[in-house]
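Quick caveat: nothing in here was measured; it's all calculated off a predicted structure. A note on names: the letters A, B, ... follow the listed sequences, proteins ahead of strands, and every chain is numbered from 1.
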Amino acid sequence: MRMSGLYRAVAGSSFRRYATYRVATAAGVFTNTVFGFFMSYTFIALWDQRPGLGGYDQAQALTFVWVGQGLLAATAVMGGGFREELQERIRTGEISIDLYRPVDLQLWWLAVDLGRSAFQLLGRGIVPVVVGGLIFELALPTDPLRWLLFGCALALGLLVAFALNYLVALMAFWLMDGNGLNMVSNLLGMFCSGMVMPLTVFPEGLGTVLQWLPWAALLQVPADVLLGRYAGGGAFAVLLFPLLWAVALLLLGRLVQAAATRRVVVQGG
Amino acid sequence: MDGMAASDGMDGTDGMDGTRGTVAGGDELIVLEELEKVFRVRRRAGRFRRTRSEVRAVNGISFTVRRGEMVGYIGPNGAGKSTTIKMLTGILTPSGGRLRVAGIDPQHERTRLARRIGVVFGQRTTLWWDLPLRDSYALVRRMYRVPQARFRENLERCVELLDLAELLEVPVRQLSLGQRMRGDIAAALLHDPEVLYLDEPTIGLDVISKAKVRSFLRELNAERGTTVLLTTHDLTDIEQLCRRVMVIDHGRLMYDGGLPGLYEAGAGERQLVVDLEREQPPISVEGARTVRVEGPRQWLAFPAKASAAPLVARVAADYPLLDLSLREPDIEDVIARMYASGDGGGDGPRAAEVPVAG
């Protein structure tokens, strides 16, 4: 019980820490909003030609765009979360400081990342969606239950996002330089989460595979929940998808962590 | 009394006799028996071949530290100091030997042990970079489950002794190195650790900051009885704080005893640096030997215990002397000489490497 207090405090500290980066937050909001416009006009052109593409009408497709821009920072799908920081700590040996603490490494970084996500959801997520909603016709629901389900899907999605980034970060124990892996990871994240295009737009085989990969939990699933593509009980059932991926990937993270800390070759004689 | 304590375990310190051999004992806080750490390294040898070799970073070290002792743990870079500390704190698994800290096997109960120790790195920080100092301390309180009253008392004490009152609301990134170091030391002590490991706590600090840190550590040790293991390259740290010194090189304990004994064991020499009016062939005087000549400047080495006065008089009488200065032996020299007179040549690689098949 008391330990959960610690991790809450860590998350709180992390939230406050990111809140100090005001210029970065403003620049991020600006960038996300501008990109939202680019993508909106592209999607409008596309959906004019192919109405109903991927099973979405135009307003739903635009909603997908703006929700995606709102979640880009929170899910750290292009990096910018704790991943680079953890890699740097592993590379420089500062990770040993984390290991000296009477805390669990994974839970510590999970708390750090959730604190960051929470801030970026508020600081970088809301404004782009509001701007998008003012300029374009979006299909945002009025049903509070659907927003609640969206919140759950999003929370699970953030867990999956953390678990994926944690695995990538831990590879620094073996690779010592994570830049290449980060690039691959960012590319996969952008493409497979639906940030570039909704996954249902892709041809059947590829689209189906993409929808079963964990990245779908980052945007595709929460967006579909918000857009009401899962009716009734199906909306609850679909939450099992990110839940199972989160559990599996977090457990895998623990295994890798155990292997990694066993071979800590912390830098510096 | 003090002498070379080779790894086969002669003990050097006065009053330390009889503490060896027994493992579970009343006030023995840290016990190492033949501790070893072997790293396997792969190295490229030519285009496709890779050779594997073993690096014995810690090669059979035994010592005991009693509760309330303040011990200097020194040695050149790569000697195995940090590796030892990492094993003592449980983040590295020993390859052999036995190890107990406060009765706990660090490797198996790292987290439990972590609550009872404090660690400070001169070159690294445990503080949250972008947040006020106070926030880091609040996290420490939760992390170590320090009762509120205890926490407040400890914090007040650290704030007073380490001069932190005006820094508590300042983000850590805005602190100077000396301020940050003091902040880090406080962070390591808020949970009343039984052992404090300090790795280069005064590195990069100015004279005043160094003095502050040292007097605080002295007081901590005297009043709270906190056991301190101090790793440093600054001999003054050792001189001012530690009655006992352990010297490690090539993963072996070269010396364990008092500081004066260290100079004797290292057959310490001092150097007289003389500036002559003009270039001269090496000076030859009784009781010293010329070790270096650079233009009109010459370096004369003489035994640390001998007085410099007669030597100066002799040089001044026979040579056109302009100026002179005296250099005390530094710890690195002492250790280097100790190693050279110890178990083999002094130019080997920093850690003993044993090639193995593969």
Side-chain angles (χ1 to χ4, degrees), chain A residues 1-25 82 85 88-109 111-112 115-116 119 173-174 176 257-269, chain B residues 39-41 55 57 75-83 85-86 88-93 106-107 109-121 123-132 135-136 138-145 171-173 184 187-188 191 197 199-200 231 350-351:
Chain A
M1 256 351 261
R2 294 174 75 185
M3 273 327 256
S4 70
L6 165 67
Y7 296 111
R8 260 203 308 279
V10 171
S13 294
S14 180
F15 185 98
R16 267 173 290 137
R17 177 189 153 193
Y18 277 86
T20 64
Y21 307 148
R22 294 203 188 118
V23 178
T25 304
F82 72 102
E85 196 183 338
E88 183 65 10
R89 290 181 79 81
I90 294 169
R91 198 179 64 74
T92 59
E94 280 187 27
I95 188 74
S96 60
I97 291 174
D98 302 346
L99 294 171
Y100 285 135
R101 294 173 170 148
V103 295
D104 180 79
L105 197 66
Q106 191 188 35
L107 283 176
W108 174 275
W109 286 99
V112 166
R116 178 201 59 80
F119 173 77
F173 276 106
W174 288 273
M176 284 301 158
Q257 169 182 308
T261 48
R262 227 176 290 127
R263 54 155 286 145
V264 188
V265 182
V266 179
Q267 307 294 297
Chain B
F39 290 109
R40 290 204 166 72
V41 260
V55 176
N77 296 326
K81 300 187 297 282
S82 297
T83 307
I85 304 246
K86 278 168 197 153
L88 286 172
T89 51
I91 67 168
L92 263 182
T93 313
Q107 174 196 348
E109 294 184 88
R110 174 177 69 79
T111 313
R112 204 180 119 208
L113 179 64
R115 296 186 185 288
R116 301 173 63 173
I117 61 174
V119 184
V120 176
F121 289 96
Q123 320 230 45
R124 289 170 182 167
T125 184
T126 60
L127 305 169
W128 282 59
W129 201 241
D130 297 300
L131 295 180
D135 290 28
S136 290
L139 272 181
V140 168
R141 181 178 75 75
R142 287 177 184 277
M143 211 176 340
Y144 293 92
R145 300 176 189 161
V172 172
R173 70 182 127 81
D184 256 311
H191 62 290
Y197 300 105
D199 191 356
E200 301 276 4
T231 299
R350 273 269 70 99

Revision key, fill the gap. Applying a strict 4.5 Å limit to non-hydrogen atoms, the region of B:L131 in contact with chain A is side chain
Review point. Which residues pass the salt bridge (charged side-chain N to carboxylate O under 4.0 Å, His left out) test with B:D135, sequence neighbours left out?
Key: A:R16
Exercise for review: Select one option (side chain, backbone, both, neither) describing which atoms of A:T20 are under 4.5 Å from chain B's heavy atoms.
Suggested key: side chain
Review point. Could you walk me through whether A:S96 and B:F121 pass the side-chain contact (heavy atoms from CB on, under 4.5 Å) check?
Key: CA-CA 10 Å; A:S96 60; B:F121 289 96; 4.3 Å; yes
Practice item. Could you pull out all residues at least two apart from A:R17 that satisfy salt bridge (charged side-chain N to carboxylate O under 4.0 Å, His left out)? Key: A:E85, B:D130
**Study point:** Steps toward side-chain contact (heavy atoms from CB on, under 4.5 Å) verdict (A:V10, B:R142)
**Key:** CA-CA 9 Å; A:V10 171; B:R142 287 177 184 277; over 6 Å; no
Exercise for review: Tell me, for A:Y18 versus chain B, whether the close heavy atoms (under 4.5 Å) come from the side chain, the backbone, both or neither.
Suggested key: neither
Check your understanding: Counting heavy-atom pairs under 4.5 Å to chain A, which of B:T89, B:T125, B:V140 comes out on top?
Key -> B:T89
